[in-house]
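Structure first, then comments.
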Amino acid sequence: MNLQDLNAPQQAAITCIDKPCLVLAGAGSGKTRVITHKIAWLIEQAGYSPGKIRALTFTNKSAREMRQRIVALLDKKNAKGLHISTFHSFGLAILQQEYDQLGLRKSFSIMDSKDVESCLTELTLRTGNDLDFVKQSMYQISRWKNEFITAAQALQSADTPILETQAKLYEEYQQYLLACNSLDFDDLIMMPVLLFRQHAASLLKWQGMVHYLLVDEYQDTNTSQYEIIKLVCGTRQKFTVVGDDDQSIYAWRGARPENINRLQQDFPSLEVIKLEQNYRSSSRILGAANALIANNEHLFEKNLWSAAGPGEFIRVFPCKTADEESNQVAVDILSRSFQSRDEFQQFAILYRSNFQSRAYEKALRDHSIPYQINGATAFFERQEIKDIMAYLRLVTNPDDDRALLRIINTPRREIGTATIKTLANYAKNRHSSLAKILKELGLQESLSRRAWIRLQGFADFIDEMRIKADQLDALNFTKYLILELDYEDWLRDTCNSQKQAENAIENIVELTSWIGNLQKQQEEPSLDKLVSHLSLMSILENDEDKKDQQAVQLMTLHAAKGLEFPHVYLVGFEEDSLPHHQSQDAAGIEEERRLAYVGITRAGKTLTLSYAKTRQRFGEIQQCEASRFLLELPEADLEGAEHVTSKLSADEKKQKGLSHFADLQTMLGTRDQKADAC
DNA sequence: ACGCCGCGTATTTTT
DNA sequence: TACGCGGCGT
């Protein structure tokens with residue numbers, strides 16, 4: 001490995017290993033390169049054993065990509081034992097070893113957001129449950145967990161009646177989770193912190209296992225994640241974090257970009273290195289991005305520059321209707337791909353929210369352009385996948401009531417709501433989970449003969465599956481389970497169309513093949529560990545078959561972070577979409593601006609912004625206007641937006657750009673300050 | 001216990 | 001527009 005093809009700050013970041021290191025990496029400045037080379041450097045030059053290095057990312061995709069790039073740099077055997085995982089998998093790995101310290105039992109389940117929602121709905125059932133309140137509470141509880149605030153602390157600091165109710169719900173919810181031997185996603189981060197604070201021996205053990213820590217997308221860490229980093233690094237202080245506050249787009253889920261500043265306070269010897277040369281975009285695109293983001297407050301001043309030429313103009317497609325917009329984009333992709341002879345996968349269509357993909361799917365299909373959607377209906381939200389996962393969860397974790405309730409009557413066993421209610425009441429009186437009391441005589445007494453017999457059928461089935469699960473490996477067990485359930489036939493019977501049934505069966509096959517893959521990869525492939533691991537994966541995004549195809553990439557702006565494409569179409573560049581109508585306060589607008597910044601900086605050669613003046617929403621036609629962010633881009637670099645920008649004088653433009661802000665005064669204030677600083 | 005029909009609400013962004 | 005849930009009828 002040599003460092004010659006890296007620039008000076010990149011080299012400095014890689015070779016800085018004696019001090020804690022913060023790398024402020026602007027968009028396209030080669031941050032993944034720095035991390036991968038640094039890992040190689042640690043192993044080959046600094047003598048670190050790969051097994052003692054831990055790199056943390058936020059998504060499975062970036063973890064996988066990082067691994068691939070490191071393997072390409074190193075000898076295969078040198079990369080063996082290297083730990084590259086998401087924060088959540090790291091938390092899971094810790095908890096799978098230390099669960100008993102936290103009152104959990106082996107084979108705990110991981111609940112997804114849907115499970116959490118149904119849990120909370122159930123817990124608030126008595127108090128006249130209002131769906132909106134449940135959603136709010138779910139969000140609030142998640143926030144507390146991200147901020148490392150326990151239920152007791154939440155209750156103590158609650159200063160409104162609503163917060164108090166929510167804090168009580170939080171407490172009830174935690175008890176319920178414990179009873180079900182389950183954790184939610186946020187627990188996977190929070191519980192390890194709790195553990196490390198309470199059990200010094202566990203902390204020492206994990207500090208001994210992680211001698212060097214690297215964190216990607218550091219600006220996205222929340223308080224709990226920051227605590228994990230701080231605790232694991234302990235006194236050794238051997239770590240590198242890489243981030244960019246201008247690309248912080250996860251404040252809504254608790255990300256604290258201020259963690260960048262906190263690092264300097266908590267680790268005074270911190271070495272701060274800035275990467276400011278962009279290798280991705282034409283200078284016109286980069287200039288537009290810089291102009292846009294200059295409207296935000298910054299934690300650190302950066303001066304991102306590109307040595308590339310100006311390149312093409314940034315094009316704007318103003319369209320009359322949404323149909324026209326998607327059509328024009330499709331036609332343009334077609335003609336560009338012919339002209340430039342760039343492959344379809346070099347084109348990306350980026351949008352604010354998932355539902356916007358539909359119009360583009362249709363338009364691309366109409367023009368026979370292959371496409372791939374990243375993050376379509378999540379694999380694990382599909383009914384058939386949830387069903388099988390629920391069986392696997394219940395087999396490995398008898399306390400998992402959510403799983404039992406899901407599959408007790410799927411496929412049909414003629415066990416109805418009345419029976420289930422009796423069962424739930426009985427379990428409640430016995431202080432037990434549902435599955436454990438299925439065979440108790442006391443329960444028999446309160447049920448009809450028919451209901452009891454059906455229930456026993458279910459109980460016997462689960463018992464039998466538990467025995468089989470011990471005898472077979474995970475893959476063969478899953479196959480056996482699906483066969484015994486007659487699940488495929490059931491899908492054919494219950495699906496509305498044959499097409500749907502086939503699709504569902506395909507998904508089931510996909511799931512089993514993933515269990516097979518995972519089984520081969522894992523060192524200790526027990527069923528319960530595979531099931532937990534699987535819950536954290538998003539299978540569609542790892543689909544290899546589709547990767548090879550020459551396909552236009554469709555994804556949300558959030559999903560696009562960390563990626564780059566020669567040709568980017570940023571569509572739906574409209575008020576209420578970007579910025580989203582639910583992010584209208586000052587902080588919200590800044591985050592939306594960063595989102596636009598992320599979108600723009602994905603582009604290498606060409607960037608196209610499009611918007612529609614009318615759009616159907618919920619069946620009704622609505623008027624739309626171009627995004628305020630369009631007015632923040634340098635007019636000289638735009639093409640096609642004349643009727644938006646040139647009709648207005650400079651003053652009017654400024655007015656128009658600002659009129660959206662709720663608090664004009666504040667905004668003008670910050671602008672003036674900025675002008676003074678320059 | 002189950003299926004059908006009709007009404008009402010949904011659209012941020014993710015592990 | 002589309003899907004999900006609740007109510008009602010069998």
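Every chain is numbered from 1, with letters handed out A, B, ... down the list of sequences.
Residue A:Ile189 contributes atom CD1, which lies 12 Å from atom P of B:dT15 at whole-angstrom precision. Rounded to an integer number of Å, the gap from A:Glu217 CD to B:dT14 C1' is 13 Å. Distance, A:Gln225 CD to B:dT14 C1': 12 Å, rounded to whole Å. Whole-Å rounding puts the A:His88 NE2 to B:dT14 C1' distance at 9 Å. The CE-C1' distance, from A:Met111 to B:dT15, rounds to 14 Å in whole Å. Rounded to whole angstrom, the span from the CD1 atom of A:Ile94 across to the C1' atom of B:dT15 amounts to 15 Å. Atom CD1 of A:Ile408 is separated from atom P of B:dC2 by 12 Å (rounded to the nearest Å).
Checked against side chain to side chain donor-acceptor pair (under 3.5 Å), A:Glu65 has no partners two or more places apart in sequence or in another chain. Here A:Thr556 pairs with nothing under the side chain to side chain donor-acceptor pair (under 3.5 Å) rule; sequence neighbours left out. In this view, A:Tyr487 and A:Trp490 satisfy the ring-ring contact (aromatic ring centres under 6.0 Å, His included) rule, not counting sequence neighbours. In this view, A:Asp576 satisfies the salt bridge (Lys or Arg N to Asp or Glu O under 4.0 Å) rule with no residue, not counting sequence neighbours. With sequence neighbours excluded, the residues satisfying side-chain contact (heavy atoms from CB on, under 4.5 Å) with A:Ala251 are A:Glu591.
Summary of the strand contacts: A:Ile415 and A:Phe355 both lie near DNA chain B, and taking for each the nucleotide with the nearest heavy atom, the more 5' one is attributed to A:Ile415. Of the two residues near DNA chain B, A:Leu595 and A:Glu414, the one whose nearest nucleotide lies more 5' is A:Glu414.
The side chain of A:Arg615 places no N or O atom within less than 4.0 Å of a non-bridging phosphate oxygen (OP1 or OP2) of B:dT11. In this model, the phosphate group of B:dA1 is approached by a side-chain N or O of A:Thr419 to a distance below 4.0 Å at OP1 or OP2. Taking only side-chain nitrogens and oxygens, A:Thr556 comes nearer than 4.0 Å to OP1 or OP2 of B:dT14.
In this structure, A:Phe58 forms no aromatic stack with the base of B:dT14, since the conditions of centre separation below 5.5 Å and plane angle below 30° are not both met.
Nucleic acid contact for A:Arg413: none, since no nucleic acid atom lies under 4.0 Å from a heavy atom of the residue. Residue A:Asp186 is classed as having no contact, given no heavy-atom separation below 4.0 Å to the nucleic acid. Contact annotation for A:Ser142: no contact, since no heavy-atom pair falls under 4.0 Å across all strands. Residue contacts for A:Ser113: at a heavy-atom cut-off of 4.0 Å it reaches a base atom on one of the strands shown. Residue contacts for A:Leu557: at a heavy-atom cut-off of 4.0 Å it reaches no nucleic acid atom on any strand shown.
Note: A:Tyr170 and A:Trp144 have parallel aromatic rings, judged against thresholds of 30 and 60 degrees for the angle between ring planes.
A nucleotide of DNA chain C counts as in contact with chain A when one of its atoms lies under 4.0 Å from a heavy atom; the first and last such, 5' to 3', are C:dT1 to C:dA2.
The shortest distance between side-chain heavy atoms of A:Val552 and A:Gln372 does not fall below 4.5 Å.
With B:dC2, B:dT14, B:dT11 as the choices, the nucleotide that has an atom nearest any side-chain atom of A:His580 turns out to be B:dT11.
Cation-pi contact between A:Arg594 and A:Tyr597: absent, since separation from the ring centre below 6.0 Å together with deviation from the ring axis within 45° is not met.
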